[in-house]
Amino acid sequence: MSIEKFSNQFVCDLVAYEPGKPIEETARELGLDPATIVKVASNENPLGPAPMALDAIRNSATDMHIYPDGGGYKLRSALAEKYDLGLENVVLGNGSNEIIELLCHCFLNENAALIAAEHAFVVYKLMATLFGANYVEVPDPNFVHDLDAMAAAITDETRLLFIANPNNPTGTIVDEETIDRFMKKVPEHVIVVFDEAYFEFVNDAPNTLKYVREGRNVIILRTFSKAYGLAGLRIGYGLGAPQVTQILQKARQPFNTNEVAQRAALASLADVDHVQATVSNNAEGLSFYETAFQEMNLEYVPSVANFILVNVGDGDRLFANMLKQGVIVRAMRGYKLPGWVRISIGTKTENERCLSVMKEVLATF
Ligand SMILES: *Cc1c(COP(=O)(O)O)cnc(C)c1O
């Protein structure tokens, strides 16, 4: 018997988020050795966690019978210090994805709307749908958020407006001047969410912290999943004015971030060398792919993040055929880009392997 008629219709209507295909699953299905598989599908750090984080993870094992620090005091203090903010400005999440959900808990309902760009990170749409809210998608010419059009889309029912900067999966960014012009037009009843998951990869990233300091209704989301290499531990954070963070603190579970994650994240913040190595490996990898795609006459979107979006004609087919050879990329049909794939920047060896398999498969198209 179907239970659909007893459930919330807007939940039944959801198409579940499809993550990058896991290495173990691929190995199992194809009878491959997991060690030979290259996964460049989820924008993870190819250099792994920071060495200082690894120590913290190992050292935490014997304390795991104790609940985590629910207030996340040490990590929040370190983040507050790093950004010259107060403890009250910092909220922790089980990945920054959880903070996206908390924002929806706090501000969305069936009479509210969330605004995002057409090719924005797909989780915003999933969450708006989950809360029965109106999802307003604004066209993004050349894959860049159009902040003028997004401001024009604001109505009395708008509560959340997401600016993914840089955006995933496009790798594009909007500059500070554009953001400043936009912020002048945003009314008080709209919370602007700057999703800055790839912040560490960007040279001269726009200063959005000033809006937190001014006490505007904004929140900046950052994460330890990307440049810090802790995606498996699930830890991210939000920086906002107290009126925004306080309501989020009420909506979260008491122990939403675990103790291992808190300690590893704290240690990661101190491991400056690792972030530097990550960022420079990424810059080399990005230019490797850009040069290759130019030579191959493939359309791509110039990226400032740790991945690149490229038009191969048939993304599903490229994905499926590269998978057979143990290289996992991400097809973009879910983003209404069926011709495209997104490739995360790997190590030099991984990039070379990925490109050579890609060329081999494209030759069969
Ligand atoms: C990866 C990503 C996140 C966050 O991931 P978490 O692992 O939940 O911290 C948030 N926003 C964007 C745009 C991302 O690409």
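Note that this is a predicted model, so its numbers are computed, not measured. Whatever order the structure lists them in is the order used to number ligands and atoms, beginning at 1.
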Does Q253, at its CD atom, have more than 12 non-hydrogen atoms belonging to other residues, nucleotides or ligands within less than 6.0 Å? no

Salt bridge flag under 4.0 Å for residues K348 and E352: yes

Does a salt bridge link K74 with D69, judged by any charged N lying under 4.0 Å from a carboxylate O? no

Determine whether M150 and L147 make a side-chain contact, defined as any pair of heavy atoms from C-beta on separated by less than 4.5 Å. yes

Would you kindly check if the NZ (Lys) or CZ (Arg) of R159 is within the cone defined by 45 degrees around the ring axis of F107 and under 6.0 Å from the six-membered ring centre? no

Given a heavy-atom cut-off of 4.0 Å, could you list the residues near ligand 1 in chain and number order? G95, S96, N97, F121, N168, D195, A197, Y198, T223, S225, K226, R234

Do any N or O atoms from the side chain of D140 and from the backbone of H119 form a donor-acceptor pair under 3.5 angstrom? yes

